[in-house]
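I have placed the structure first, in the form of C-alpha coordinates, so that the comments after it can refer back to it.
First the proteins, then the strands, lettered A, B, ... as listed; each starts at 1. Excluded from the calculations below are hydrogen atoms, water molecules and symmetry mates; all remaining heavy atoms, backbone and side chain alike, are included. What you see is a predicted model; the values in this text were computed from it and never measured.
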Amino acid sequence: MPNDIFADLTWRGLIYQATDEALQSWLNSQPRSLYIGFDPTADSLHVGSMLPLMLLRRFQKFGHRPIALVGGATGMIGDPSGKSEERQLLSVESLRHNVAGIERQMRVFLDFEAAGNPATLVNNFTWMSGFSYLEFLRDIGKNFPVNVMLAKDSVRSRIERADSGISYTEFSYMLLQAYDFVHLFDHYGCELQLGGSDQWGNITAGIDLGRRMRSAKLYGITCPLLMDSEGEKIGKTAKGTKVWLSPERTSPYLFYQYWYNIPDADVGTCLRYLTELSREEIESLDASRQQDAGQRNSQRRLAEELTQIVHGAAGLAAARRASEVFFGGEISGLNDSQLNEIFPDVPNHVLQAGALQGDGLGLLDALVMAGLAGSRGEARRLVQQGGVYVNNRRMTDPDYRLTSADLASQTVVVLRTGKKKYALLRLASE
RNA sequence: GGGGGGUUUCCCGAGCGGUCAAAGGGGUCAGACUGUAAAUCUGAUGGCUUAGCCUUCGCAGGUUCGAAUCCUGCACCCCCCA
(Lines give C-alpha, C1' and ligand atoms only; values in the text may rest on other atoms or scores of the structure.)
Protein backbone atom coordinates (compact mmCIF):
# COMPACT_ATOMS: atom_id res chain seq x y z
CA MET A 1 0.00 0.00 0.00
CA PRO A 2 2.62 2.60 0.86
CA ASN A 3 4.64 3.29 -2.22
CA ASP A 4 6.23 6.68 -2.36
CA ILE A 5 9.15 6.52 0.04
CA PHE A 6 10.66 9.65 -1.40
CA ALA A 7 7.57 11.69 -0.63
CA ASP A 8 7.50 10.30 2.89
CA LEU A 9 11.11 11.24 3.49
CA THR A 10 10.55 14.66 1.99
CA TRP A 11 7.76 15.74 4.31
CA ARG A 12 9.71 14.42 7.26
CA GLY A 13 12.59 16.63 6.23
CA LEU A 14 14.90 13.69 5.82
CA ILE A 15 16.21 14.55 2.36
CA TYR A 16 19.19 16.82 2.69
CA GLN A 17 20.84 16.23 -0.66
CA ALA A 18 20.10 13.83 -3.50
CA THR A 19 22.28 13.05 -6.46
CA ASP A 20 19.55 12.81 -9.01
CA GLU A 21 16.31 14.55 -9.90
CA ALA A 22 14.85 11.28 -11.03
CA LEU A 23 15.40 9.48 -7.74
CA GLN A 24 11.76 9.66 -6.80
CA SER A 25 10.45 7.93 -9.90
CA TRP A 26 13.43 5.57 -9.92
CA LEU A 27 12.52 4.45 -6.42
CA ASN A 28 8.84 4.19 -7.21
CA SER A 29 9.25 2.15 -10.36
CA GLN A 30 10.48 -1.02 -8.62
CA PRO A 31 12.04 -2.30 -5.39
CA ARG A 32 15.67 -1.25 -5.08
CA SER A 33 18.60 -2.27 -2.93
CA LEU A 34 20.23 0.40 -0.86
CA TYR A 35 22.76 0.57 1.94
CA ILE A 36 23.97 2.61 4.85
CA GLY A 37 27.26 2.10 6.63
CA PHE A 38 27.77 2.02 10.40
CA ASP A 39 30.98 2.59 12.26
CA PRO A 40 31.85 -0.05 14.84
CA THR A 41 33.38 2.39 17.32
CA ALA A 42 31.70 0.72 20.30
CA ASP A 43 29.97 -2.54 21.05
CA SER A 44 26.62 -0.83 21.06
CA LEU A 45 24.98 1.69 18.82
CA HIS A 46 23.78 4.90 20.37
CA VAL A 47 20.96 7.27 19.70
CA GLY A 48 22.89 8.91 16.89
CA SER A 49 22.56 5.74 14.84
CA MET A 50 18.82 5.55 15.19
CA LEU A 51 18.19 7.99 12.39
CA PRO A 52 19.98 5.90 9.73
CA LEU A 53 18.59 2.67 11.19
CA MET A 54 15.08 4.02 10.96
CA LEU A 55 15.82 5.12 7.41
CA LEU A 56 16.65 1.56 6.43
CA ARG A 57 13.54 0.41 8.22
CA ARG A 58 11.39 2.88 6.32
CA PHE A 59 12.81 1.72 3.01
CA GLN A 60 12.10 -1.86 3.96
CA LYS A 61 8.50 -1.04 4.86
CA PHE A 62 8.11 0.58 1.48
CA GLY A 63 9.21 -2.64 -0.16
CA HIS A 64 12.86 -1.94 -0.81
CA ARG A 65 15.80 -4.10 0.23
CA PRO A 66 17.93 -2.53 2.93
CA ILE A 67 21.54 -3.49 3.49
CA ALA A 68 23.24 -2.54 6.72
CA LEU A 69 26.97 -2.44 6.31
CA VAL A 70 29.11 -2.68 9.39
CA GLY A 71 32.49 -1.17 8.85
CA GLY A 72 34.76 -3.86 10.19
CA ALA A 73 37.41 -2.83 7.68
CA THR A 74 36.78 0.90 7.40
CA GLY A 75 36.56 1.08 11.16
CA MET A 76 40.20 0.10 11.22
CA ILE A 77 41.07 3.21 9.26
CA GLY A 78 38.75 5.89 10.60
CA ASP A 79 36.57 8.21 8.59
CA PRO A 80 37.97 11.75 8.56
CA SER A 81 34.56 13.24 7.71
CA GLY A 82 33.41 15.63 10.36
CA LYS A 83 36.47 14.99 12.48
CA SER A 84 38.96 17.70 13.15
CA GLU A 85 41.68 15.40 14.36
CA GLU A 86 43.30 12.15 13.47
CA ARG A 87 41.47 9.25 15.03
CA GLN A 88 42.76 6.67 17.38
CA LEU A 89 42.86 3.30 15.67
CA LEU A 90 40.89 0.45 17.17
CA SER A 91 42.43 -2.94 17.73
CA VAL A 92 41.29 -5.82 15.54
CA GLU A 93 40.03 -7.62 18.57
CA SER A 94 37.85 -4.83 19.91
CA LEU A 95 36.52 -4.24 16.42
CA ARG A 96 35.34 -7.81 16.17
CA HIS A 97 33.68 -7.51 19.55
CA ASN A 98 31.99 -4.27 18.51
CA VAL A 99 30.74 -5.62 15.22
CA ALA A 100 29.10 -8.53 17.00
CA GLY A 101 27.32 -6.23 19.44
CA ILE A 102 26.07 -3.95 16.71
CA GLU A 103 24.79 -6.78 14.57
CA ARG A 104 22.61 -7.93 17.41
CA GLN A 105 21.00 -4.53 17.77
CA MET A 106 20.30 -4.17 14.08
CA ARG A 107 17.96 -7.12 14.28
CA VAL A 108 15.63 -5.02 16.36
CA PHE A 109 15.16 -2.50 13.60
CA LEU A 110 15.25 -4.60 10.47
CA ASP A 111 13.48 -7.74 9.38
CA PHE A 112 16.01 -10.22 8.07
CA GLU A 113 13.36 -12.82 7.30
CA ALA A 114 10.90 -10.68 5.41
CA ALA A 115 9.48 -12.46 2.42
CA GLY A 116 10.53 -10.75 -0.79
CA ASN A 117 12.74 -8.04 0.65
CA PRO A 118 14.66 -9.29 3.66
CA ALA A 119 17.26 -6.99 5.13
CA THR A 120 20.88 -7.96 4.68
CA LEU A 121 23.77 -7.45 7.01
CA VAL A 122 27.29 -7.28 5.65
CA ASN A 123 30.69 -6.55 7.11
CA ASN A 124 33.16 -4.99 4.73
CA PHE A 125 36.00 -6.77 6.47
CA THR A 126 34.94 -9.94 4.63
CA TRP A 127 35.92 -8.53 1.25
CA MET A 128 38.41 -5.85 2.21
CA SER A 129 40.68 -8.11 4.18
CA GLY A 130 41.45 -10.18 1.07
CA PHE A 131 42.91 -7.32 -0.92
CA SER A 132 46.64 -7.02 -1.35
CA TYR A 133 48.08 -3.54 -1.32
CA LEU A 134 49.27 -3.85 -4.93
CA GLU A 135 45.91 -5.12 -6.13
CA PHE A 136 44.12 -2.33 -4.42
CA LEU A 137 46.35 0.37 -5.85
CA ARG A 138 46.09 -1.06 -9.39
CA ASP A 139 42.36 -1.75 -9.44
CA ILE A 140 40.89 0.88 -7.17
CA GLY A 141 43.44 3.60 -6.55
CA LYS A 142 43.98 4.07 -10.25
CA ASN A 143 40.48 5.49 -10.50
CA PHE A 144 40.97 8.26 -7.98
CA PRO A 145 42.50 11.49 -9.19
CA VAL A 146 44.25 13.03 -6.23
CA ASN A 147 43.18 16.51 -7.17
CA VAL A 148 39.54 15.43 -6.83
CA MET A 149 40.23 13.79 -3.51
CA LEU A 150 41.92 16.91 -2.26
CA ALA A 151 38.89 18.95 -3.13
CA LYS A 152 36.57 16.97 -0.83
CA ASP A 153 35.52 18.93 2.22
CA SER A 154 36.55 16.21 4.63
CA VAL A 155 40.10 16.30 3.32
CA ARG A 156 40.42 19.99 2.57
CA SER A 157 39.29 21.12 5.97
CA ARG A 158 41.99 18.99 7.51
CA ILE A 159 44.75 20.11 5.16
CA GLU A 160 43.97 23.79 5.41
CA ARG A 161 44.33 23.76 9.14
CA ALA A 162 47.90 24.24 10.16
CA ASP A 163 47.38 22.51 13.47
CA SER A 164 45.80 19.26 12.35
CA GLY A 165 46.76 17.68 9.04
CA ILE A 166 45.70 14.25 7.88
CA SER A 167 47.53 10.97 7.66
CA TYR A 168 47.83 8.99 4.45
CA THR A 169 45.70 6.34 6.11
CA GLU A 170 42.72 8.56 6.74
CA PHE A 171 43.22 10.21 3.39
CA SER A 172 42.68 6.82 1.82
CA TYR A 173 39.48 6.20 3.72
CA MET A 174 37.20 7.35 0.95
CA LEU A 175 38.65 4.76 -1.43
CA LEU A 176 37.53 2.02 0.88
CA GLN A 177 34.04 3.34 1.31
CA ALA A 178 33.79 3.99 -2.41
CA TYR A 179 34.77 0.44 -3.15
CA ASP A 180 32.18 -0.86 -0.68
CA PHE A 181 29.51 0.66 -2.84
CA VAL A 182 30.89 -1.02 -5.97
CA HIS A 183 31.18 -4.33 -4.17
CA LEU A 184 27.58 -4.14 -3.00
CA PHE A 185 26.52 -3.23 -6.51
CA ASP A 186 28.30 -6.30 -7.86
CA HIS A 187 27.00 -8.75 -5.28
CA TYR A 188 23.66 -7.36 -4.17
CA GLY A 189 22.59 -5.13 -7.01
CA CYS A 190 22.81 -2.20 -4.62
CA GLU A 191 22.46 1.10 -6.45
CA LEU A 192 21.72 3.59 -3.70
CA GLN A 193 23.71 4.71 -0.70
CA LEU A 194 22.34 6.82 2.11
CA GLY A 195 24.13 8.61 4.89
CA GLY A 196 24.29 11.69 7.04
CA SER A 197 25.06 14.97 5.35
CA ASP A 198 28.70 14.57 6.34
CA GLN A 199 28.86 11.50 4.10
CA TRP A 200 28.22 13.32 0.85
CA GLY A 201 31.84 13.23 -0.22
CA ASN A 202 32.21 9.52 0.48
CA ILE A 203 28.96 8.69 -1.28
CA THR A 204 29.78 10.61 -4.43
CA ALA A 205 33.22 9.02 -4.43
CA GLY A 206 31.50 5.64 -4.58
CA ILE A 207 29.22 6.78 -7.36
CA ASP A 208 32.19 7.99 -9.38
CA LEU A 209 34.02 4.74 -8.85
CA GLY A 210 30.98 2.74 -9.94
CA ARG A 211 30.83 4.70 -13.15
CA ARG A 212 34.53 4.27 -13.89
CA MET A 213 34.80 0.60 -13.02
CA ARG A 214 31.40 -0.73 -14.01
CA SER A 215 29.82 2.01 -16.07
CA ALA A 216 27.03 1.78 -13.52
CA LYS A 217 24.61 4.50 -12.59
CA LEU A 218 24.50 4.73 -8.82
CA TYR A 219 22.54 7.05 -6.58
CA GLY A 220 23.03 8.80 -3.30
CA ILE A 221 20.90 10.56 -0.70
CA THR A 222 22.03 12.31 2.44
CA CYS A 223 19.85 13.17 5.38
CA PRO A 224 20.31 15.95 7.89
CA LEU A 225 22.23 15.26 11.06
CA LEU A 226 20.16 14.99 14.18
CA MET A 227 20.89 18.27 15.91
CA ASP A 228 19.05 20.13 18.64
CA SER A 229 18.06 23.76 18.47
CA GLU A 230 21.40 24.73 19.99
CA GLY A 231 23.26 23.05 17.16
CA GLU A 232 24.47 20.18 19.32
CA LYS A 233 24.15 16.56 18.35
CA ILE A 234 21.14 14.93 19.93
CA GLY A 235 21.85 11.85 21.98
CA LYS A 236 23.80 13.01 24.95
CA THR A 237 22.53 13.51 28.44
CA ALA A 238 23.01 16.70 30.38
CA LYS A 239 26.06 15.07 31.91
CA GLY A 240 27.50 14.50 28.47
CA THR A 241 27.19 10.74 28.44
CA LYS A 242 25.84 9.11 25.35
CA VAL A 243 22.44 7.48 25.28
CA TRP A 244 22.97 3.93 24.08
CA LEU A 245 20.63 1.41 22.59
CA SER A 246 21.81 -1.52 24.65
CA PRO A 247 19.92 -1.95 27.93
CA GLU A 248 23.18 -2.80 29.67
CA ARG A 249 24.56 0.65 28.93
CA THR A 250 21.38 2.70 29.11
CA SER A 251 18.43 1.21 30.91
CA PRO A 252 15.02 1.35 29.27
CA TYR A 253 13.99 3.76 32.00
CA LEU A 254 16.81 6.21 31.27
CA PHE A 255 16.23 5.82 27.55
CA TYR A 256 12.56 6.64 28.01
CA GLN A 257 13.37 9.58 30.24
CA TYR A 258 15.84 10.97 27.74
CA TRP A 259 13.16 11.34 25.10
CA TYR A 260 10.54 12.42 27.59
CA ASN A 261 12.75 15.38 28.42
CA ILE A 262 13.48 16.54 24.88
CA PRO A 263 12.92 20.31 24.70
CA ASP A 264 9.80 21.57 22.95
CA ALA A 265 11.89 23.11 20.22
CA ASP A 266 13.36 19.75 19.21
CA VAL A 267 10.58 17.28 19.78
CA GLY A 268 8.87 17.92 16.45
CA THR A 269 12.05 17.14 14.55
CA CYS A 270 12.61 14.00 16.57
CA LEU A 271 9.10 12.76 15.87
CA ARG A 272 9.60 13.25 12.15
CA TYR A 273 13.12 11.86 11.94
CA LEU A 274 12.88 8.96 14.32
CA THR A 275 9.35 7.67 14.59
CA GLU A 276 6.97 6.00 12.19
CA LEU A 277 4.01 8.04 13.28
CA SER A 278 1.84 9.25 10.43
CA ARG A 279 1.92 12.77 9.16
CA GLU A 280 -1.57 13.37 10.56
CA GLU A 281 -0.60 12.24 14.00
CA ILE A 282 2.60 14.27 14.10
CA GLU A 283 0.83 17.38 12.93
CA SER A 284 -1.87 16.96 15.51
CA LEU A 285 0.86 16.64 18.14
CA ASP A 286 2.38 19.86 16.82
CA ALA A 287 -0.97 21.54 17.29
CA SER A 288 -1.49 20.18 20.77
CA ARG A 289 1.98 21.35 21.72
CA GLN A 290 1.27 24.85 20.53
CA GLN A 291 -1.91 24.92 22.50
CA ASP A 292 -0.56 23.50 25.73
CA ALA A 293 3.08 22.56 25.78
CA GLY A 294 2.77 21.65 29.43
CA GLN A 295 0.85 18.53 28.54
CA ARG A 296 3.95 17.21 26.80
CA ASN A 297 1.96 14.88 24.62
CA SER A 298 4.67 15.04 21.99
CA GLN A 299 7.44 14.05 24.36
CA ARG A 300 5.40 11.23 25.82
CA ARG A 301 4.52 9.87 22.41
CA LEU A 302 8.12 10.14 21.26
CA ALA A 303 9.43 8.34 24.32
CA GLU A 304 6.82 5.60 23.99
CA GLU A 305 7.45 5.01 20.31
CA LEU A 306 11.20 4.83 20.56
CA THR A 307 11.32 2.79 23.76
CA GLN A 308 8.88 0.36 22.21
CA ILE A 309 11.06 -0.08 19.14
CA VAL A 310 14.36 -0.40 20.96
CA HIS A 311 13.37 -2.20 24.15
CA GLY A 312 10.11 -3.83 23.19
CA ALA A 313 6.78 -3.85 24.97
CA ALA A 314 8.25 -5.18 28.21
CA GLY A 315 10.96 -2.53 28.25
CA LEU A 316 8.44 0.21 27.66
CA ALA A 317 6.14 -1.08 30.38
CA ALA A 318 9.01 -1.19 32.86
CA ALA A 319 10.14 2.31 31.94
CA ARG A 320 6.65 3.70 32.40
CA ARG A 321 6.11 1.95 35.70
CA ALA A 322 9.44 3.23 36.95
CA SER A 323 8.62 6.75 35.82
CA GLU A 324 5.33 6.67 37.67
CA VAL A 325 6.99 5.66 40.91
CA PHE A 326 9.99 7.96 40.53
CA PHE A 327 7.88 10.99 40.02
CA GLY A 328 4.92 9.92 42.08
CA GLY A 329 4.18 10.27 45.77
CA GLU A 330 5.18 8.24 48.73
CA ILE A 331 6.42 4.73 48.09
CA SER A 332 4.55 2.11 50.04
CA GLY A 333 2.61 -1.08 49.63
CA LEU A 334 5.10 -2.58 47.20
CA ASN A 335 6.98 -5.81 47.53
CA ASP A 336 10.64 -6.56 46.93
CA SER A 337 10.29 -7.91 43.43
CA GLN A 338 8.24 -4.92 42.32
CA LEU A 339 10.85 -2.56 43.69
CA ASN A 340 13.65 -4.49 42.05
CA GLU A 341 11.94 -4.21 38.74
CA ILE A 342 11.33 -0.51 39.13
CA PHE A 343 14.84 0.32 40.27
CA PRO A 344 16.95 -2.02 38.19
CA ASP A 345 19.82 0.35 37.57
CA VAL A 346 19.74 2.24 40.84
CA PRO A 347 22.79 1.70 42.99
CA ASN A 348 22.08 -0.25 46.12
CA HIS A 349 23.87 -0.92 49.33
CA VAL A 350 23.40 -4.02 51.40
CA LEU A 351 22.91 -3.58 55.13
CA GLN A 352 23.69 -6.12 57.78
CA ALA A 353 20.71 -8.13 58.82
CA GLY A 354 20.08 -6.36 62.14
CA ALA A 355 20.98 -2.85 61.03
CA LEU A 356 17.50 -1.45 61.46
CA GLN A 357 16.81 -3.12 64.81
CA GLY A 358 16.73 -1.22 68.06
CA ASP A 359 18.16 2.28 67.60
CA GLY A 360 18.36 1.72 63.90
CA LEU A 361 20.66 3.46 61.49
CA GLY A 362 21.45 7.18 61.40
CA LEU A 363 20.00 8.87 58.34
CA LEU A 364 23.26 10.71 57.64
CA ASP A 365 25.27 7.50 57.73
CA ALA A 366 22.75 5.82 55.50
CA LEU A 367 23.12 8.56 52.90
CA VAL A 368 26.89 8.22 52.92
CA MET A 369 26.75 4.44 52.69
CA ALA A 370 24.37 4.62 49.78
CA GLY A 371 26.71 6.96 47.98
CA LEU A 372 24.26 9.84 47.90
CA ALA A 373 26.52 12.05 49.97
CA GLY A 374 30.29 12.24 50.04
CA SER A 375 30.51 12.91 53.76
CA ARG A 376 28.28 13.22 56.74
CA GLY A 377 28.68 16.97 56.54
CA GLU A 378 27.36 16.95 53.03
CA ALA A 379 24.53 14.65 54.07
CA ARG A 380 23.67 17.00 56.90
CA ARG A 381 23.49 19.97 54.56
CA LEU A 382 21.28 18.04 52.16
CA VAL A 383 18.85 17.20 54.94
CA GLN A 384 18.86 20.73 56.30
CA GLN A 385 18.14 22.12 52.86
CA GLY A 386 15.22 19.77 52.40
CA GLY A 387 16.82 17.66 49.70
CA VAL A 388 16.53 14.24 51.29
CA TYR A 389 13.67 11.80 50.93
CA VAL A 390 13.02 8.37 52.38
CA ASN A 391 10.54 6.40 50.31
CA ASN A 392 9.82 9.70 48.58
CA ARG A 393 8.83 11.40 51.83
CA ARG A 394 10.94 14.41 52.74
CA MET A 395 13.08 14.10 55.86
CA THR A 396 14.14 17.23 57.67
CA ASP A 397 15.74 15.91 60.85
CA PRO A 398 19.48 15.21 60.51
CA ASP A 399 19.37 13.09 63.65
CA TYR A 400 16.61 10.83 62.36
CA ARG A 401 17.30 7.13 62.69
CA LEU A 402 16.01 4.62 60.16
CA THR A 403 14.31 1.59 61.64
CA SER A 404 12.37 -1.31 60.23
CA ALA A 405 9.35 0.98 60.17
CA ASP A 406 11.00 2.77 57.23
CA LEU A 407 11.09 -0.26 54.97
CA ALA A 408 9.18 0.30 51.74
CA SER A 409 8.93 -3.42 51.14
CA GLN A 410 10.17 -6.51 52.97
CA THR A 411 13.84 -5.59 52.79
CA VAL A 412 14.26 -2.30 50.93
CA VAL A 413 14.45 1.35 51.94
CA VAL A 414 14.34 3.82 49.08
CA LEU A 415 16.57 6.86 49.54
CA ARG A 416 16.50 9.87 47.28
CA THR A 417 18.27 13.20 47.11
CA GLY A 418 17.14 16.04 44.94
CA LYS A 419 14.64 15.51 42.18
CA LYS A 420 15.58 12.10 40.92
CA LYS A 421 18.75 10.67 42.34
CA TYR A 422 17.91 7.38 43.97
CA ALA A 423 19.70 4.68 45.92
CA LEU A 424 18.42 1.60 47.70
CA LEU A 425 19.30 0.18 51.07
CA ARG A 426 18.78 -3.52 51.07
CA LEU A 427 18.62 -5.51 54.26
CA ALA A 428 20.62 -8.72 54.07
CA SER A 429 18.71 -11.83 54.95
CA GLU A 430 20.06 -13.59 58.00
C1' G B 1 73.78 31.96 30.91
C1' G B 2 71.59 36.95 33.09
C1' G B 3 66.96 39.47 35.02
C1' G B 4 61.83 39.33 36.56
C1' G B 5 56.99 36.95 37.77
C1' G B 6 54.15 32.89 39.42
C1' U B 7 52.39 28.12 42.18
C1' U B 8 45.55 29.55 46.85
C1' U B 9 40.13 25.31 48.56
C1' C B 10 36.58 21.42 41.65
C1' C B 11 38.18 25.62 37.86
C1' C B 12 39.40 30.89 37.30
C1' G B 13 40.92 34.31 40.71
C1' A B 14 41.46 38.01 45.38
C1' G B 15 44.05 37.66 49.65
C1' C B 16 47.24 44.22 55.15
C1' G B 17 51.43 38.66 60.08
C1' G B 18 46.40 37.92 63.73
C1' U B 19 39.25 39.32 63.11
C1' C B 20 41.02 33.51 56.88
C1' A B 21 38.11 27.52 56.09
C1' A B 22 40.17 32.03 53.14
C1' A B 23 36.55 37.89 48.74
C1' G B 24 34.43 37.44 43.80
C1' G B 25 33.05 34.63 39.45
C1' G B 26 32.24 29.83 37.14
C1' G B 27 30.85 24.99 37.94
C1' U B 28 28.27 21.66 41.04
C1' C B 29 24.45 20.41 44.68
C1' A B 30 19.80 21.58 47.15
C1' G B 31 15.26 24.55 47.54
C1' A B 32 11.21 27.80 45.37
C1' C B 33 8.61 28.54 40.87
C1' U B 34 7.25 25.11 36.72
C1' G B 35 5.55 21.15 32.39
C1' U B 36 10.03 15.54 35.54
C1' A B 37 11.12 22.00 30.92
C1' A B 38 13.66 26.66 29.94
C1' A B 39 14.49 31.21 32.29
C1' U B 40 14.60 33.29 37.09
C1' C B 41 15.22 33.65 42.38
C1' U B 42 17.28 31.66 47.24
C1' G B 43 20.76 28.82 49.91
C1' A B 44 24.95 25.58 50.20
C1' U B 45 29.76 24.13 48.48
C1' G B 46 37.30 20.95 53.41
C1' G B 47 36.35 17.21 57.54
C1' C B 48 34.12 15.95 62.26
C1' U B 49 31.06 13.72 67.86
C1' U B 50 28.75 20.91 63.88
C1' A B 51 26.72 27.49 68.40
C1' G B 52 32.70 23.81 69.22
C1' C B 53 36.91 21.24 67.32
C1' C B 54 40.44 19.45 63.53
C1' U B 55 43.17 19.62 58.74
C1' U B 56 44.07 22.90 54.23
C1' C B 57 46.79 27.88 50.60
C1' G B 58 53.44 23.78 45.37
C1' C B 59 57.22 20.73 48.90
C1' A B 60 60.57 20.81 53.22
C1' G B 61 62.40 23.60 57.03
C1' G B 62 62.81 28.38 59.88
C1' U B 63 61.40 33.36 62.28
C1' U B 64 57.11 34.70 65.48
C1' C B 65 52.83 34.40 71.10
C1' G B 66 50.61 33.78 66.11
C1' A B 67 51.99 32.75 58.94
C1' A B 68 48.21 31.60 52.91
C1' U B 69 50.78 36.18 54.12
C1' C B 70 58.08 37.07 56.43
C1' C B 71 63.03 34.13 55.69
C1' U B 72 65.94 29.70 53.57
C1' G B 73 66.29 25.56 50.42
C1' C B 74 63.85 22.31 46.69
C1' A B 75 60.32 21.26 42.54
C1' C B 76 57.44 22.90 38.51
C1' C B 77 55.49 26.97 35.27
C1' C B 78 55.69 31.82 32.68
C1' C B 79 57.97 36.36 30.75
C1' C B 80 62.21 39.52 29.27
C1' C B 81 67.57 39.90 27.76
C1' A B 82 71.53 36.63 25.58
Q. Contact class for A:Arg394 (heavy atom, under 4.0 Å): base, sugar-phosphate, or nothing?
A. sugar-phosphate
Q. If you measure from the C1' atom in B:C54 to the same atom in B:G1, how many Å do you get, rounded?
A. 48 Å
Q. Mapping A:Tyr256 and A:Glu378 to their closest nucleotides on RNA chain B, which lands nearer the 5' end?
A. A:Tyr256
Q: With the side chain counted from C-beta on, respond yes when A:Met227 and A:Ile234 share a heavy-atom pair under 4.5 Å apart, and no when they do not.
A: no
Q: Would you please confirm or rule out a distance under 4.0 Å between OP1 or OP2 of B:U49 and any side-chain N or O of A:Arg376?
A: yes
Q.
In this structure, how many angstroms lie between the C1' atom of B:A30 and the NZ atom of A:Lys421, rounded?
A. 10 Å
Q | Distance test, side-chain N/O of A:Thr417 to OP1/OP2 of B:C29, below 4.0 Å | A | no
Q.
Does the structure show a Watson-Crick or G-U wobble partner for B:U63, both distances under 3.5 Å? Name it, or say none.
A. none
Q) Considering only the C1' atoms, how many Å lie between B:C10 and B:C16, rounded to the nearest integer? A) 29 Å
**Q.** Base partner of B:A39, which must satisfy Watson-Crick or wobble distances under 3.5 Å
**A.** none
(Q) What contact category does A:Phe326 fall into here, base, sugar-phosphate, or nothing, at under 4.0 angstrom with non-hydrogen atoms? (A) nothing
Q | Partner nucleotide, any strand, of B:U28 [Watson-Crick/G-U, under 3.5 Å] | A | B:A44
Q.
Looking at A:Asp286 and A:Arg272, is any side-chain nitrogen of the basic one under 4.0 Å from a carboxylate oxygen of the acidic one?
A. yes
Q: Tell me the partner of B:G17, counting only Watson-Crick (N1-N3 plus N6-O4 or O6-N4) or G-U wobble (N1-O2 and O6-N3) with both under 3.5 Å; none if nothing fits.
A: none
Q.
Suppose we call a contact any N or O donor and acceptor under 3.5 Å apart; does that hold for the side chain of A:Asp264 and the base of B:G35?
A. yes
Q.
So for A:Gln385 and B:G31, does any side-chain atom that can act as donor or acceptor lie under 3.5 Å from a complementary atom in the base?
A. no
Q.
Measuring only the P atom in each nucleotide, how far is B:G47 from B:U42? A whole number of Å is fine.
A. 25 Å
(Q) Applying the Watson-Crick and G-U wobble criteria at under 3.5 Å, what pairs with B:G1? Answer none if nothing qualifies. (A) B:C81
Q | Pairwise C1' distance, B:A44 and B:C65 [rounded to whole Å] | A | 36 Å
Q) So what does A:Gly294 hit on the nucleic acid, given a heavy-atom distance under 4.0 Å: a base, only sugar-phosphate, or nothing? A) base
Q: Compare all side-chain heavy atoms of A:Arg32 with those of A:Arg65 and state whether any distance is below 4.5 angstrom.
A: no
Q.
Categorize A:Gln257 for me: base, sugar-phosphate, or nothing, with a 4.0 angstrom heavy-atom threshold over every strand shown.
A. base
**Q.** Pairing nucleotide - B:G58, Watson-Crick or G-U, each distance under 3.5 Å
**A.** B:C74
Q: Write down the distance separating the C1' atoms in B:U34 and B:C41, rounded off to the nearest Å.
A: 13 Å
Q. Where the side chain of A:Asn261 is concerned, which of B:C29, B:U36, B:C48 is the nearest nucleotide?
A. B:U36
(Q) Could you tell me how far B:A68 sits from B:A23 if I compare only their C1' atoms? Round to whole Å. (A) 14 Å
(Q) Applying the side-chain hydrogen bond (donor to acceptor under 3.5 Å, both in side chains) criterion to A:Thr74, which one of A:Asn124, A:Asp79, A:Asn202, A:Asp180 satisfies it? (A) A:Asn124
Q. Does one side chain, of A:Asp406 or A:Tyr400, offer a donor that lies under 3.5 Å from an acceptor on the other?
A. yes
Q: In whole angstrom, give me the gap between the C1' atoms of B:U56 and B:A22.
A: 10 Å
Q: Would you mind classifying the nucleic acid contact of A:Gly386 as base, sugar-phosphate or nothing, using non-hydrogen atoms under 4.0 angstrom?
A: sugar-phosphate
Q: Look at all strands and tell whether A:Tyr389 reaches a base, only sugar-phosphate, or nothing, counting heavy atoms closer than 4.0 Å.
A: sugar-phosphate
(Q) The side chain of A:Lys419 is closest to which nucleotide in this list: B:G35, B:U34, B:A30? (A) B:U34
Q. Can the ring centroids of A:Phe343 and A:Tyr253 be said to lie less than 6.0 angstrom from one another?
A. no
Q | Closest to side chain of A:Arg381, choosing from B:G35, B:G47, B:A30 | A | B:G47
